[in-house]
Amino acid sequence: MESKKIIKISLIIIIILILIDQVSKICLDIFLTKDINLISDILVITKVENEGIAFGINKQNFVNIILSVAILIFIVNYIINQKANLNIKILVFLDLILAGGISNLLDRIFKGAVFDFIKVGDFPVFNIADCCIVIGWILFVINFVFFSTIEIKAAMKK
């Protein structure tokens, strides 16, 4: 597939994921008046404004915005510099990370905090953007470690 078409598909994926996250946050912020206990204190829909980064660490919003922008620029730069070597899987993993990062960055810029609403057990409350970021990074690292190992073993056999 040509690179312009891949970039268009990538942008569509990012925009759709951002929309899903932002619409879910807006709807829950408007309509959620009390916690919804979906699975007896294991899965709860609630409202939490997270002024910090992951797990509420570092509540200085300006610093968080700078850190978020720096990470997003790093990922976009990586995509631009590696576009010839990127396969569709890796691009989708990076799309997940970018979409989640951009969506949470929009919250920080326009609301001063990230709106989190999914509570699972005693784990800190999170949102769809957080899920995208974590899943994207996990898949990216697994892919990198697994396929790099295969390539190294193949090179050693030669």
Side-chain angles (χ1 to χ4, degrees), residues 1-28 38-39 42-46 48 50-58 61 63-110 113-158:
M1 201 180 307
E2 68 183 70
S3 102
K4 284 185 181 181
K5 190 172 185 178
I6 290 171
I7 297 299
K8 283 181 185 177
I9 292 169
S10 185
L11 286 173
I12 290 169
I13 290 170
I14 291 169
I15 290 168
I16 289 171
L17 290 171
I18 290 171
L19 286 172
I20 290 169
D21 182 60
Q22 288 297 312
V23 168
S24 68
K25 291 173 181 175
I26 291 166
C27 289
L28 287 168
L38 296 175
I39 304 174
I42 295 173
L43 179 59
V44 178
I45 303 300
T46 188
V48 174
N50 181 358
E51 294 177 359
I53 50 178
F55 312 119
I57 299 167
N58 186 22
N61 194 42
V63 173
N64 295 336
I65 290 171
I66 299 297
L67 286 171
S68 298
V69 169
I71 292 167
L72 294 173
I73 289 171
F74 173 78
I75 294 169
V76 169
N77 188 47
Y78 177 82
I79 291 170
I80 291 168
N81 290 329
Q82 297 294 319
K83 70 180 175 188
N85 300 324
L86 291 177
N87 63 37
I88 298 293
K89 275 190 314 192
I90 292 176
L91 196 55
V92 169
F93 303 158
L94 294 173
D95 289 348
L96 286 165
I97 297 166
L98 282 173
I102 291 168
S103 191
N104 279 344
L105 181 60
L106 291 171
D107 284 0
R108 288 190 194 293
I109 291 170
F110 294 109
V114 175
F115 183 87
D116 291 333
F117 58 90
I118 304 168
K119 182 165 182 11
V120 178
D122 292 328
F123 197 75
V125 182
F126 56 95
N127 59 41
I128 294 171
D130 297 336
C131 293
C132 289
I133 294 167
V134 170
I135 291 167
W137 276 116
I138 288 170
L139 293 174
F140 183 79
V141 168
I142 288 171
N143 185 74
F144 180 78
V145 169
F146 181 72
F147 288 106
S148 294
T149 304
I150 290 172
E151 290 171 4
I152 292 168
K153 286 181 183 176
M156 291 175 74
K157 288 182 180 179
K158 291 182 180 182

Can you tell me which residue pairs pass the salt bridge (charged side-chain N to carboxylate O under 4.0 Å, His left out) test with a partner in residues 9-28, sequence neighbours excluded?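 Found Asp21-Lys25, Lys25-Asp107.
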Phe126 and Phe123 aromatic ring geometry - parallel, tilted or perpendicular at 30°/60° bounds: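 Perpendicular: the ring planes of Phe123 and Phe126 meet at over 60°.
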Measure from the side-chain N and O atoms of Ser24 to the backbone N and O of Ile20, and report whether any donor-acceptor pair falls under 3.5 Å.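 Answer holds: yes.
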Between Asp130 (side chain only) and Asn127 (backbone N and O only), is there a donor and an acceptor less than 3.5 Å apart?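 Yes, the answer is positive, given that a donor and an acceptor are paired below the 3.5 Å cut-off.
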How about Val114 and Val48: do any of their side-chain heavy atoms sit closer than 4.5 Å?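 Not touching, per the 4.5 Å side-chain cut-off.
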Going by heavy atoms in the side chains, are Phe144 and Ile90 under 4.5 Å from each other?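 Not in contact.
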I need the minimum non-hydrogen distance between [X] and [Y], along with the two atoms involved.
X	Y	answer
Ile133	Gly100	CD1-C, 3.5 Å
Leu105	Leu72	CD2-CD1, 3.8 Å
Ile128	Ile118	N-CD1, 4.3 Å
Leu28	Phe115	CB-CE2, 4.0 Å
Asn50	Arg108	O-NH1, 4.0 Å
Ala99	Ile18	O-CG1, 3.5 Å

Which value, rounded to the nearest 0.5 Å, describes the distance between [X] atom [atom1] and [Y] atom [atom2]?
X	Y	atom1	atom2	result
Asn143	Phe140	CG	CZ	8.0 Å
Gln22	Asn104	CD	CG	8.0 Å
Leu43	Lys119	CG	NZ	10.5 Å

What residues form a side-chain hydrogen bond (donor to acceptor under 3.5 Å, both in side chains) with Ser10, not counting sequence neighbours?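 Ser10: side-chain hydrogen bond (donor to acceptor under 3.5 Å, both in side chains) contacts with Asp95.
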Among Ile13, Ile14, Ile12, Leu19, the one residue meeting side-chain contact (heavy atoms from CB on, under 4.5 Å) with Ile16: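 Passing option: Ile12.
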